[in-house]
Amino acid sequence: MDKVLDHYGASRNQIVSQTLYVVNLRQNFEVTARGNVDYFGDHRPVSTIVGVTGLGFPDQLIEISFIIDTKLPV
């Protein structure tokens, strides 16, 4: 995710909201929540997790959408 943000001149500290689409949410919730805490540390953007039955690629388990505030420091 950092590589994509960096490509656009942004950083994780500028993320103000995220939506996570997770296949088999009940089965994958703990690892998703843990990964989110590990990635963001003390920074806590608004987060919505949506359980889905499938995504675009056959083995894809998660899709993430961010909203970034470019007025925040990088």
Side-chain angles (χ1 to χ4, degrees):
M1 292 182 284
D2 287 339
K3 192 179 232 183
V4 173
L5 290 167
D6 187 54
H7 176 79
Y8 291 101
S11 75
R12 67 179 79 177
N13 295 328
Q14 293 176 302
I15 298 170
V16 294
S17 178
Q18 68 169 337
T19 303
L20 305 163
Y21 301 92
V22 181
V23 175
N24 298 323
L25 180 57
R26 291 192 192 280
Q27 179 182 354
N28 293 311
F29 181 79
E30 291 298 325
V31 71
T32 300
R34 195 172 337 113
N36 207 35
V37 169
D38 290 348
Y39 181 72
F40 284 109
D42 292 334
H43 178 62
R44 294 282 184 257
V46 173
S47 182
T48 301
I49 301 176
V50 180
V52 297
T53 57
L55 292 165
F57 297 102
D59 295 327
Q60 185 178 356
L61 295 177
I62 190 167
E63 184 167 314
I64 303 170
S65 171
F66 290 139
I67 295 176
I68 297 171
D69 184 344
T70 58
K71 294 177 185 158
L72 293 174
V74 176

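Taking CD1 of Ile62 as the reference point, atom CG of Leu25 lies at 9.5 Å (rounded to 0.5 Å).
For Phe29, the CZ atom is loosely surrounded, since the number of other residues' heavy atoms within 6.0 Å does not exceed 12.
In this structure, Gln14 and Val74 have side chains that are in contact, with non-hydrogen atoms separated by less than 4.5 Å. Residues Phe66 and Leu5 form a side-chain contact, since some pair of their non-hydrogen atoms from C-beta on lies under 4.5 Å apart. Residues Lys3 and Asp6 form no side-chain contact, since every pair of their non-hydrogen atoms from C-beta on lies 4.5 Å or further apart.
When hydrophobic residues (I, L, V, M, F, W, Y) are linked wherever their side-chain heavy atoms come within less than 4.5 Å, the members clustered with Ile67 are Val16, Leu72.
Legend: residues meeting side chain to side chain contact (heavy atoms under 4.5 Å, CB included) with Gln27, ordered by chain and number and at least two apart, are Asn24.
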Sequence neighbours excluded and cut-off under 3.5 Å, please list the side-chain donor-acceptor pairs for residues 42-50, or say none.
unit_1 : atom_1 : unit_2 : atom_2 : d
His43  : NE2    : Arg12  : O      : 3.2
His43  : NE2    : Ile15  : O      : 2.8
Arg44  : NH1    : Gly41  : O      : 2.4
Arg44  : NH2    : Gly41  : O      : 3.3
Ser47  : OG     : Gln18  : NE2    : 3.2

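Between the side chain of Asn28 and the backbone N or O of Val23 there is at least one donor-acceptor pair closer than 3.5 Å.
Scanning all heavy atoms of the two residues, the minimum distance from Ser11 to Pro73 falls at OG-O, 4.3 Å.
Hydrophobic clustering (ILVMFWY, side-chain heavy atoms < 4.5 Å, transitive): Val37 and Ile64 are in distinct clusters. Under a hydrophobic clustering in which Ile, Leu, Val, Met, Phe, Trp and Tyr are joined whenever their side-chain heavy atoms come within less than 4.5 Å, directly or via other members, Met1 and Leu61 fall into different clusters. Both Tyr39 and Leu20 are members of a single hydrophobic cluster when ILVMFWY side chains are connected at heavy-atom separations under 4.5 Å.
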